[in-house]
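Note that the numbering runs from 1 along the sequence shown for the chain.
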Amino acid sequence: MTEKMILALDIGGTNIRAALIDENIRIIKRTEIACDLKETPDTLIDRLLKKADIKKEKISSVGIGCPGPLDIKNGIMLTPPSLPEWRGFQIKKRFEEKYGCNVTVQNDANAAGYAEAVLGAGKDFNSVYYVTVSTGIGGAFVYNKNLVSGAFGVAGE
């Protein structure tokens with residue numbers, strides 16, 4: 001029986017990263033590429049996945065952290081300031097079509113904050129606030145292992 005694998009992606013204005021994670025939340029493989037703003041979203045994603053050499057049959061689900069603002073329900077990048085070429089990009093649809101599995105899209109700060117609250121330094125606390133400073137600045141609030149996202153997914157910002 002083949003082990004179920006999760007493909008995790010971090011879409012950023014400077015770099016794009018991918019990791020293949022097993023059922024025990026161990027990173028099996030990771031890779032990153034520089035985000036060339038002259039390339040289309042599809043070209044960048046194809047280049048990242050080719051470099052990562054991730055086989056389609058291994059993927060049982062995909063989780064994607066993206067800069068906002070986002071339409072989280074439909075997995076659409078609305079108007080990311082650091083990635084103007086990604087405006088209106090249907091990232092969830094792109095990965096559903098490629099892998100035929102469940103795809104979750106979340107604001108990158110929320111995804112990182114949730115992971116830190118559940119698996120990282122905040123795992124022993126009921127209330128965790130996470131701040132990220134990278135190409136942009138963001139934040140996430142997690143209470144009792146639940147992401148507090150608000151009406152538009154930006155409650156922690």
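The two residues Met77 and Pro67 come nearest to each other via the heavy atoms CE-CD, 4.1 Å. Of all heavy-atom pairs spanning Tyr114 and Lys145, the tightest one is CE1-O, 3.2 Å. The shortest non-hydrogen separation linking Leu83 to Cys35 is CD2-SG, 3.4 Å. The two residues Gly138 and Glu157 make their nearest non-hydrogen contact at CA-OE1, 3.2 Å. Here the closest heavy-atom approach between residue Thr79 and residue Pro69 is recorded as OG1-CG, 3.2 Å. Lys4 and Ser60 make their closest contact through CB-OG, 3.5 Å (heavy atoms, listed as atom of the first residue, atom of the second, distance).
Judged by distance alone, with hydrogens and angles left aside, the side-chain atoms of Lys29 form a donor-acceptor pair with the main-chain N or O of Asp53 at under 3.5 Å. Within the 3.5 Å criterion, the main-chain N or O of Gly156 finds a donor-acceptor partner in the side chain of Tyr129. Side chain of Asn144 to backbone of Asn146: no donor-acceptor contact under 3.5 angstrom is found. Of the possible polar contacts, none joining the Glu85 side chain to the Lys38 backbone as a donor-acceptor pair under 3.5 Å is found. Within the 3.5 Å criterion, the main-chain N or O of Glu32 finds a donor-acceptor partner in the side chain of Lys51. Between the side chain of Asn107 and the backbone N or O of Ala109 there is at least one donor-acceptor pair closer than 3.5 Å.
You'll find the side chain of Val103 reaches within 4.5 Å of the side chain of Ile64, heavy atoms only. Within the 4.5 Å cutoff, no side-chain heavy atoms of Asp108 are placed close to those of Cys66. For the pair Ile25 and Leu119, the minimum side-chain heavy-atom distance is below 4.5 Å. Counting heavy atoms from C-beta outward, Leu44 and Trp86 have side chains that approach closer than 4.5 Å. Between Arg26 and Ile21, the closest side-chain pair of non-hydrogen atoms is not below 4.5 Å.
Heavy-atom contacts from other residues, nucleotides or ligands closer than 6.0 Å to NZ of Lys50 number 12 or fewer.
Note on Leu48: it clusters hydrophobically with Val105, by side-chain heavy-atom contacts below 4.5 Å among ILVMFWY residues. Transitive grouping of hydrophobic side chains (ILVMFWY, heavy atoms separated by less than 4.5 Å) keeps Val142 and Ile72 in distinct clusters. The hydrophobic clustering, which links ILVMFWY residues whose side-chain heavy atoms are closer than 4.5 Å, places Leu37 and Ile33 together. A continuous path of hydrophobic side-chain contacts links Leu9 to Ile45 [ILVMFWY only; heavy atoms under 4.5 Å].
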Inset, instruction - Mind running side chain to side chain contact (heavy atoms under 4.5 Å, CB included) on Leu49 and Leu7 for me, showing each step along the way? - result: CA-CA 10 Å; Leu49 296 176; Leu7 175 59; 4.1 Å; yes
Legend entry - Leu147/Gln106 under side chain to side chain contact (heavy atoms under 4.5 Å, CB included): CA gap, chis, key distance, verdict: CA-CA 11 Å; Leu147 180 64; Gln106 184 55 260; 3.6 Å; yes
Inset, instruction - Tell me, with the steps shown, if Ile6 and Val62 meet side chain to side chain contact (heavy atoms under 4.5 Å, CB included). - result: CA-CA 6 Å; Ile6 301 163; Val62 178; over 6 Å; no
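A salt bridge links Asp46 with Arg94: the distance from a Lys NZ or Arg NE/NH1/NH2 to an Asp or Glu carboxylate oxygen falls below 4.0 Å.
Here the straight-line distance linking atom CD1 of Ile11 with atom CD1 of Ile16 works out to 4.5 Å at 0.5 Å rounding. To the nearest 0.5 Å, atom CG of residue Asp42 and atom CZ of residue Arg47 are 13.0 Å apart. Taking CZ of Phe95 as the start and CD of Gln90 as the end, the distance is 13.5 Å to the nearest 0.5 Å.
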